[in-house]
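Below is one structure, written out as structure tokens, with a few remarks after it.
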Amino acid sequence: MSRKISDESIIRPLGIGDIGTVELMEQECFSAPWSRDSLISDIVLNPNARYIGMEKGNRIVAYAGMWVAYDQAHITNIAVTTGERRKGIGTLLIERLIQMARSLGVASMTLEVRVSNLPAHAMYGKLGFYIASVRKKYYFDNGEDAYLMCKDDVQSGQGLST
Ligand SMILES: CC(C)(COP(=O)(O)OP(=O)(O)OC[C@H]1O[C@@H](n2cnc3c(N)ncnc32)[C@H](O)[C@@H]1OP(=O)(O)O)[C@@H](O)C(=O)NCCC(=O)NCCS
């Protein structure tokens with residue numbers, strides 16, 4: 001099902017036809033981008049994964065995904081193309097994932113984020129995620145630590161604007 005944001009933007013599930021665009025955005029947005037094979041195996045083949053994208057003018061400009069297992073969900077990734085940042089799109093996609101998780105009976109959500117990624121910390125914090133612990137040397141490209149961030153109030157709907 002697609003969700004209409006404005007006349008030219010929708011949020012919809014990602015599929016095999018989006019892999020090329022997502023691969024390019026991975027390379028644009030991350031120092032350790034996922035490979036094409038990893039994207040296919042998660043976005044297309046993993047039955048426990050849910051990936052959504054924002055399409056604007058027939059172009060994917062942002063995407064986000066999570067794994068869901070029983071009453072837990074883990075956000076795997078989110079990226080907004082450079083020219084579309086700071087317009088609320090990242091927030092909208094994470095809110096959408098939280099709503100999907102909520103409807104699937106998820107109680108709590110987690111994610112890992114680089115300790116240096118201040119924009120992402122701020123966005124997640126506004127959505128009710130808190131830093132639960134540090135995972136030392138989590139990222140293989142530069143040995144950077146990750147924060148494990150959690151949100152325990154998924155069923156309350158707190159932190160959602162819609
Ligand atoms: C992190 C990211 C997804 C945020 O997407 P976005 O659409 O720009 O975020 P939003 O517009 O919804 O911003 C929400 C809030 O996050 C914070 N924020 C976002 N970008 C910020 C920045 N560059 N500097 C400081 N705070 C920032 C602000 O508090 C912002 O609210 P405000 O605009 O009202 O002040 C985007 O910067 C991105 O794609 N980064 C590269 C990939 C990445 O790091 N992904 C996260 C992996 S864990």
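The figures that follow rest on heavy atoms only: side chains count, while hydrogens, waters and symmetry mates do not. Whatever order the structure lists ligands and atoms in, that order sets their numbers, starting from 1.
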Below 4.0 angstrom from a heavy atom of [X], which ligand 1 atoms are there? Numbered from 1 as shown, please.
X	answer
E112	48 (S)
K87	11 (O)
A79	39 (O)

Check your understanding: Should the pair W34 and Y51 be assigned to parallel (<30°), tilted (30 to 60°) or perpendicular (>60°) ring geometry?
Key ->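 Perpendicular: the ring planes of W34 and Y51 meet at over 60°.
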Review point. Who pairs with N142 by side chain to side chain donor-acceptor pair (under 3.5 Å), at least two apart in sequence or on another chain?
Key: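 Counting only residues at least two positions away or on another chain, N142 forms a side chain to side chain donor-acceptor pair (under 3.5 Å) with R114, E144.
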Starting from [atom], locate the nearest protein heavy atom and write down its residue, its atom name and how far away it is, to 0.1 Å.
atom	value
atom 48 (S) of ligand 1	Y124 OH, 3.5 Å
atom 23 (N) of ligand 1	P119 CG, 3.5 Å
atom 9 (O) of ligand 1	M123 SD, 3.9 Å
atom 24 (N) of ligand 1	R86 NH1, 3.6 Å
atom 7 (O) of ligand 1	G90 N, 2.8 Å
atom 17 (C) of ligand 1	A122 CB, 3.6 Å
atom 37 (O) of ligand 1	R85 CD, 3.5 Å
atom 43 (C) of ligand 1	F30 CE2, 3.6 Å

Under 3.5 Å, is there a donor on one side chain and an acceptor on the other for [X] and [Y]?
X	Y	answer
N77	E26	yes
D152	S108	no
Y138	E112	yes

Point to revise | N-O pairing of D153 and R102 below 4.0 Å | key: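 Looking at R102 together with D153, the answer is no, because their closest N to O distance does not fall below 4.0 Å.
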Exercise for review: Answer yes or no for atom 2 (C) of ligand 1: protein heavy atom present at a distance under 4.0 Å?
Suggested key: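 Within 4.0 Å: no protein heavy atom nearby.
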Practice item. Would you mind listing every salt bridge (Lys or Arg N to Asp or Glu O under 4.0 Å) that reaches into residues 34-51, with sequence neighbours excluded? Key: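 Of all non-adjacent pairs touching residues 34-51, those that pass salt bridge (Lys or Arg N to Asp or Glu O under 4.0 Å) are E23-R36.
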Practice item. Please answer whether the main-chain N or O of G65 pairs with a side-chain N or O of T76 as donor and acceptor at a distance below 3.5 Å. Key: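 Present.
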**Study point:** Shortest non-hydrogen contact from I98 toward V154
**Key:**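 Of all heavy-atom pairs spanning I98 and V154, the closest is O-CG1, 4.1 Å.
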Practice item. Looking only at non-hydrogen atoms, find the nearest pair between G90 and M123 and report the distance. Key: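 Shortest heavy-atom contact: C-SD, 3.6 Å.
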Check your understanding: Do any N/O atoms on G88 end up under 3.5 angstrom from N/O atoms on ligand 1?
Key ->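 By distance alone, the answer is yes.
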**Study point:** Close N or O approach (V80, ligand 1; < 3.5 Å)
**Key:**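 N/O-N/O distance under 3.5 Å: yes.
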Point to revise | Option with minimal heavy-atom separation from atom 10 (P) of ligand 1, where the choices are I75, L92, T91, I78 | key: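 Looking at heavy atoms only, T91 sits closest to atom 10 (P) of ligand 1.
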Practice item. Tell me which one of K126, E28, R114, M25 gets a heavy atom nearest to atom 31 (O) of ligand 1. Key: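 Going through K126, E28, R114, M25 one by one, K126 has the nearest heavy atom to atom 31 (O) of ligand 1.
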Check your understanding: So, does L118 sit close enough to ligand 1 that a heavy atom of it is under 4.0 Å from the ligand?
Key ->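 Per 4.0 Å heavy-atom rule, L118 does not contact ligand 1.
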Point to revise | Non-hydrogen side-chain atoms of K126 and T91 separated by less than 4.5 Å | key: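 The answer is no; the side chains never approach within 4.5 Å.
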Point to revise | Within reach of ligand 1, part of N117 (heavy-atom separation under 4.0 Å) | key: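 Side chain only.
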